[in-house]
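Letters go in sequence order (proteins before strands), and every chain restarts at 1.
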Amino acid sequence: MKKSDIRLWTLDIGLWLIFGLGSTVYGQNFDLSPMDSLFIRASTGEIKYLQLNEPARDTLVQMGEKAVPYLIDQLDTKSARERHTLIAILKKMKEPAVEPLINYIQEDPDRGSSRLAAHILGKIGEEAGVAVPLLIGLIQHQNWRMRMSACEALGEVGDPRAVEPLMTALKDTVFLVRKGAVFGLGKMEDRRSISALIQALGDGSYAVRYPASEALETIGRPAVPPLIKALKENDSITRSLVCGVLGKIQDRRALKPLRRMLKDEDWGVKVAAKEALRSLKSKGRIIESPDSPLGQRLETE
Amino acid sequence: MGRGWGKKSLLFFSVLILCNLVVANFAYSQSWENVLDDALKGIKMRPEDLHFRTDYTDSDSFRLTIVDQLMEHPMESIDYSKLLAKKLLQTDNPLSTNLFNVAQEMDIKTSPPLMHLPGSPERIELQKILRTLKMAIGRSAGMVQESFRLIRSEEIQYLQETLPELMEEDLERADKNPYEKWIEGKEIEEKTERFLEIVQRFDRVKMVHAGILLLSVLDDFMDQLSKGKIIVEAERKRVKCPIAQGDVLYYERTNFGDVVVGGYGETVYKGEAALILDLGGDDRYENRAGGVLGPESPISIVIDLNGNDHYLYAGDYAQGGGGFGIGILIDLEGDDHYSARHYSQGSGILGIGLLVDRSGNDQYSGDTGTQGAGAFGIGLLQDLSGNDLYSSAFLSQGFGFTWGFGALIDGEGNDLYYAGGRYRDWLRYEDHFISLSQGFGYGIRPFASGGIGILTDGKGNDTYISDIFGQGSSYWYSLGTLVDFQGNDKYSSYQYAQGCGTHLTIGILLDLEGDDEYVAKGVSQGCGHDLSLGLLLDEKGNDNYSAYDLSQGAGNANGIGILIDGEGRDNYLVRDPKNTHGYGNFRREYGSIGLFLDLGGEDSYSGYGGNDGFWVRSRYGIGVDIDRSEDQDEK
């Protein structure tokens, strides 16, 4: 008998012990399947029973493909807590969940629960690589929430095939889709996206601008020259964000341009430039308090 | 950008570094809107970033236009709430106008039919007035029944049987185990879907027409009464009445219910009536007293002109409780005592409920869906003056459920509002109780958007007590607002309160004057949780704020939390400085927004804030303490 078989046997006995007797655990009989009972334990949000969550979730994860059909059936739940539970379980289960989730989306990509399936594929990460073509296709879906989920999932899966489609998604009319695309690109750390990400710093929504700045920070030194150019952007928020990114990247090529920004007409940009210079000089560590000599020097610099 | 702001901003932001408090002396001459804009700039945001979409989830046919508008432009909820509260507090407004205005907010755009008493420069005999009132009741009753014409009688029965499962808490539920709760939950989901499918066929416009028609006649009656034009002396002969004992002057059985006129002496009312007009005396109402559960006998009106009255009913739909019909109770004078269970005291459940108490020190006691509560209908409790006591358990005191508008409107007096203490919050705490009251909007997640709940208090030193969910808060595509205009007030709650939005919604508390105290544990005092706005604006006075965590300008899970204090020497106390005083956390790959603005006075802080300074504790949150008054002095 293989080791995995023994594990499953143990699990089955454990389940019987829990649920064979389980229906009487609370002194009453319920018309529930063992899987129902386990799922209820995994998803209860009640403070008194929270300690049941993790063991039940772990059991479901260990059950692997045996539990998958039941869990997939639950994807259309109306309960936010149950949705969180499904994400938590299936993302840990990884490979056994991938194919069923793909099939679920393909069956009906328009239903709301398919978005949850796409989201979970993303959370599974690299192991969901086989889903990339499907997810790329979903970037064109008519429902923006599906487009957003697809973008984010592609980022989490981290397949380079997704870079170009994600750059296209940056032009989406819905800011949360653009946010998803920026997040996805940030995960890829691909130089091809630098210019698109810099453009995203001027986005109308902070939900796009901030992740774009973080994505550029992650890409690092290759982004410095175009970022320096972007210090001439008309939009002051963009210039501020560019200063911030340059400060974080810690590349000395940015020193002079950042100093020039201390004379910017906009106070927000000046402050951002000072912060960036401070960060740059201190090599990313805040080693001085603002009223320290360095702080005072920066004030008058 | 305001004059001088650039230099000041540069001066202070120049030393602004993450995780460091900046304190400096300076002054400021801008309105809070300008300060807000500049604070946003300090965290590289624009005013347009204070915005939510209206389609994070699939929309439903119950979504109110105003809720969508405020989600898209959350800061407009301040002016909207103020204006709405002012309108409701206008005591010279005819009742029909109030109902008309409220209906507009509920997307019921209508030109209702009106009806008036016979106009006469001379005094009118009561009998003539009764004739017109009876005609109005007859017409309204017909219209109410028409509003259910697309719903079969067995479906109406289904609605009446299922509604309690949607709105009421079962005391035994707390002790049930997760299996039982799960099974129950699934059953309720199914019932909810069927309920919502049926209720969509309820003709709200027709119901509002019926209400406005009825109130237009009552407005005339009240007007002529106040001008002394109504002759009642001729009616002093006592008659026998099967539904009342004591001083009864007139009794008639009509097609749409009984009509009774009580005299100036004491009267005890025991049975139901379509219309009771009581001229005075300390009366006792043991019936529903202007409450109905229609639509069979859909109208009940009580007008009590004088006396210290007792309205005591152990059941539901009483004392201005309009269930599947219209219930109206108007009490003009005296210190009165109102006690009923659910859906009472200005509660409209698939109907219209109105309780108006014009004067006296009154006591209101109820349980669920009471004291200004609306569910698929409109419920208004209007108490114009006196020191009043309001006590309820759940979904009360300005509560708006799906397709509902509920308002508690108190004009003057030192009032005490208490909501909670009966239904345990078994989900979160062993030792706290759910309130969902005192300006609370509530939707059925994820099935149906919620309504508008407003509590507004004009004058007086008031005390507000709730527990979990209350005091200008809301849940799921709704608006919950508490607006207190004057007085030194005390607000106490535990969680999800005092300007808090939870799950795609708007919750706002406005206190415009007075030295106030705010006490809460957390997710309160300007806290937006999960794509919601939670806002607390206190315009004037020396105020004390106390909270433990995630409060006082805290955004959580992509929510926006804002605390704005206008003037006064204030004291801010928090236990956890990490997520208070302008804090926004990171969720779903982007940030929540937390803004803390104190615009005047020398203030004291425990926590991260500081007098006269800026601070940035999280990437998406900022705190600003400035002194506008100093700047104005300089000018």
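The part of B:K181 that comes within reach of chain A is its side chain, from C-beta onward, which places non-hydrogen atoms under 4.5 angstrom from that chain. Interface remark: B:Y56 contributes backbone and side-chain atoms alike to the contact with chain A (heavy atom separation under 4.5 Å). Looking at B:W182, the atoms closer than 4.5 Å to chain A (heavy atoms on both sides) all sit in the side chain, from C-beta outward.
Judged by distance alone, the side chains of B:D55 and A:W144 do bring a donor and an acceptor atom under 3.5 Å apart.
Evaluation of the ring pair (Phe, Tyr, Trp, His ring centres under 6.0 Å) rule for A:H119 yields no partner, not counting sequence neighbours. The ring pair (Phe, Tyr, Trp, His ring centres under 6.0 Å) check on B:F447 picks up nothing, with sequence neighbours excluded. With sequence neighbours excluded, the residues satisfying side-chain hydrogen bond (donor to acceptor under 3.5 Å, both in side chains) with B:R63 are B:D68, B:S449.
Taking the six-membered ring where the residue is Trp, the centroids of B:Y620 and A:Y210 are separated by under 6.0 Å.
Between chain B and the options A:S240, A:S236, A:G268, heavy-atom pairs under 4.5 Å are most frequent for A:S240. When B:R428, B:H503, B:R46 are compared by the number of non-hydrogen pairs under 4.5 Å with chain A, B:R46 comes out ahead.
The closest donor-acceptor contact from the side chain of A:Y206 to the backbone of B:G591 lies under 3.5 Å.
Using a 4.0 Å cut-off between charged side-chain N and carboxylate O, A:K187 and B:E589 make no salt bridge.
Of all heavy-atom pairs spanning B:G42 and A:W267, the tightest one is N-CH2, 4.0 Å. The minimum heavy-atom distance linking B:N177 with A:Y49 is given by the pair CA-OH, 3.8 Å.
The stretch residues 73-83 of chain A places A:T77, A:K78, A:A80, A:E82 near chain B, each with some heavy atom under 4.5 Å from a heavy atom of that chain.
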